[in-house]
Amino acid sequence: MSTSPTATVTRRPGSVSALVRELPRVDTPLTVLLVALVAGQVAGVALLPLAIGRLVTALTAGGGPTASRQAWSGLTLLALALVLDIALDPIRAMVTAKLSTAVDGSLAQRTVEGALRPGGIDHLDDPDVADQLEQARGVEIGGHSPGQAVDALAALVPLRLTGLASAVLLGWAGQWWMPVVLGAGWIVAGRWQEKEMARAVVANTARTVQLRHAVYLRDITATAPSAKEVRLFGLHQWLVERFTREWWDGIVEMRRRTTDGRRHLAASALLLAAHVIVVVPLAYGASSGDPSIGHLTIALQSLLGLYALGFTGDLQRRLRLASAAVPPALAVSALGTPALAVTGRAATRLPQREIRFERVRFGYPGDRRPVVDNLDLVIPAGSSLAIVGDNGAGKSTITKLLAGLYRPDAGRIRVDGRDLHEYDLASWRRQLAVVFQDFGRYPFSVRDNIAFGAIETAATRDAVVEAARLGGFLGVELGLADGWDTLLTSAHLGGTELSGGQWQRLALSRALYSVRQGARVLVLDEPTAHLDIEAEYELYTRFLEITAGITTILVSHRFATVRLAERIAVLRDGRVSEYGSHDELLAADGRYAQMFRVQSAPFTDSAGGRRA
Ligand SMILES: Nc1ncnc2c1ncn2[C@@H]1O[C@H](COP(=O)(O)OP(=O)(O)OP(=O)(O)O)[C@@H](O)[C@H]1O
């Protein structure tokens, strides 16, 4: 999901305050210590002009006990200022680093927890949530992480406070209105520069539409699935031309957005005017002894310190960029769908009688056209059911509804008479062993990939081997470098990548491991799509062994697979249009019989006999 050009950096004005509120939540003692250290350092910096002012007064007083007292107190203040500033600095750096790591760790953990918390997956179809997940990724992968914002904040806050302290000193040593004029100049000029920086940040993060598109074009040349096709279709030239055009358009647009020299000029003129307004009366007054030389020294030093109220360049840039992920990360960490996070009764060893879909209606979020409409379907416990239908008929959707990944908009799914959502979702899911059409390919070991089927039980070697046998994976591990422990990703040294069919065998083994560990419902969505003929045949011969005693739901376009089931449901227009055994449906000569004949046609001659 894309992020709008301004979403990351300008539409999140609460990023810094969200970060500040987060600090004590993550580590209160460290935050308190950091505040104390910052206060100490600021006091040190503020004491410096006072100390120098006293020393200058002493040096120009021409000796005597008063001058000596001034000199000593000046020296004492100077020592105190240096100790506070210099000695506290490394301690502040250490505390900041610790707090920054703690913030990163805490937000990363909570973001991952939040993303996984919702029982269903309907939130992933919500563009706002997808946007937040995308932006929160900055936290997980550490790009401009909130921890870096803590660093920037810990440097920026003392700077600002020092600026304020300088303003107070300037007002005290000079005239009250001087810090008002100069401070306003720095703040206004700073705001202008900050706005310009924000625009540059937006543009530089490739967020102009053209640049984003150019980046996408560049990436498809490098990602495995499209890299193959790009070469095969000979798209090189087209891609290069398209990329170059989008890139240059993007750069021109970026320049247009970022360069506004007039603001720079105006900011410089404003600051110059503010300094003239303050310095001229100071100099004029000093020539007639008011302010005194000591106060003049303090005023001039403070005057220079007021820059800290203005634009601080990279510090502000880092703070803005790095804190941008905080609000979306907090939003993600608070994710949870109470409607699905049911903590109801245990579903242990269910179903004993049946699974029943009753007038179920469902449409995906954001696209409320019902995919499933008024669906009635009964699956007796312990039986096998195949669901067939055209592409997009809603077969996989039914499996997702059964798994509680989505909740019906109307109607209900009952398990042994009770609404599915009266059961504890986690407990119900432990009764399910599912191989989705787009099953997971986990970059872990073979053993883990199988054991994920029942993560709560300790995976014994025998159980893993037995599941691999049933799923048709047994033997594949012999060709892998580390056998069962081989990492299934070529991105790691010693790891490897499986073929499509091997992955499918592994996914089947995972589901069957789950069944062996107690799951009662086996759901196989296109289980043979990637299998070679032999593997498919072997699966059929093991089908009764695999499904013995459990409820099985098969989704398939392959009639050799479909006819293994005791009952078949044909899905059309979101509901069951035909229901019965293979023979009954053939005899009924409806849609099923028609589909069956179409699939058999290439293998039969016009007279109905088998082709050679
Ligand atoms: N996450 C989703 N968001 C929006 N629409 C979806 C989503 N998933 C599926 N659909 C839509 O729901 C309809 C049913 O999809 P489903 O995957 O259940 O069909 P299917 O019968 O399994 O199809 P196939 O035989 O092609 O696998 C399709 O029109 C599809 O575009």
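One-based numbering, in listed order, for ligands and for the atoms of each.
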Practice task
Write down, by chain and number, every protein residue that brings a non-hydrogen atom to less than 4.0 Å from an atom of ligand 1.
Solution key: Asp125, Tyr364, Val371, Asp390, Asn391, Gly392, Ala393, Gly394, Lys395, Ser396, Thr397, Lys400, Tyr406, Gln437, His557

Problem - Ring center gap for Phe559 and His582 short of 6.0 angstrom - result: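 Here the rings of His582 and Phe559 have centres that are no less than 6.0 Å from each other.
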
Practice task
Go through the structure and list residues passing salt bridge (Lys or Arg N to Asp or Glu O under 4.0 Å) with Glu22, not counting sequence neighbours.
Solution key: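 So Glu22 forms a salt bridge (Lys or Arg N to Asp or Glu O under 4.0 Å) with Arg25, Arg110.
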
Handout entry: Residue pairs passing the salt bridge (Lys or Arg N to Asp or Glu O under 4.0 Å) test where at least one lies in residues 321-335, sequence neighbours excluded
Key = none

Handout entry: Side-chain touch Leu524/Phe436, heavy atoms, less than 4.5 angstrom
Key = no

Handout entry: Full working for side-chain contact (heavy atoms from CB on, under 4.5 Å) between Val372 and Arg575
Key = CA-CA 6 Å; Val372 172; Arg575 64 191 73 169; over 6 Å; no

Exercise for the section: Could you tell me which residues satisfy side chain to side chain contact (heavy atoms under 4.5 Å, CB included) with Arg441, sequence neighbours excluded, listed by chain and number? Expected result: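 Checked Arg441 against side chain to side chain contact (heavy atoms under 4.5 Å, CB included); matches are Phe439, Trp503, His530.
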
